[in-house]
Amino acid sequence: VLPPFPTRRSSVLKLAVVSPAQVIVPVDVHIPRVALALGWTRRRTADIRTAIEITRVLRQACPTDPLKYDFALVSASQRGETLPQPIDVT
């Protein structure tokens with residue numbers, strides 16, 4: 001998996017390669033909304049702490065690729081789907 005931005009060393013452009021297991025879920029409007037509704041976080045702010053909490057929960061579902069479900073979560077929120085009751089993941 002490549003990061004969303006290239007890294008630059010001297011005048012040569014190099015892309016950093018990162019394992020999917022090392023990536024933290026990006027938080028926008030939708031991911032925190034779904035995570036809050038599912039009880040995966042209590043934080044209402046879309047910041048790095050929230051992203052780390054949500055990533056920890058997603059790693060329990062898929063340790064090798066916690067972002068595997070990112071698209072499904074965003075899509076559900078964008079469509080305004082009714083979310084299931086919170087589940088205990090602690």
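We use all heavy atoms of the structure for the numbers below, so side chains are in, but hydrogens, waters and symmetry mates are not. Source: prediction; values computed, not measured.
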What one should report as the nearest heavy-atom pair of Pro66 and Ala21 is CD-CA, 4.0 Å
All heavy atoms of Val25 vs all of Leu67, minimum pair found to be CA-CD2, 3.1 Å
Taken to the nearest 0.5 Å, the spacing of Arg59 CZ from Asp65 CG works out to 10.0 Å
Result for salt bridge (charged side-chain N to carboxylate O under 4.0 Å, His left out) between Asp47 and one of Arg44, Arg43, Arg49 points to Arg43
The side-chain contact (heavy atoms from CB on, under 4.5 Å) partners of Ile24 (sequence neighbours excluded) come to Ile48, Ala51, Ile52, Thr55
- Message: Would you say that Pro32 contacts Thr45 through its side chain, given a criterion of any heavy-atom pair below 4.5 Å between the two side chains?
- Response: no
So OH of Tyr69 and CD1 of Ile54: to nearest 0.5 Å the spacing works out to 16.0 Å
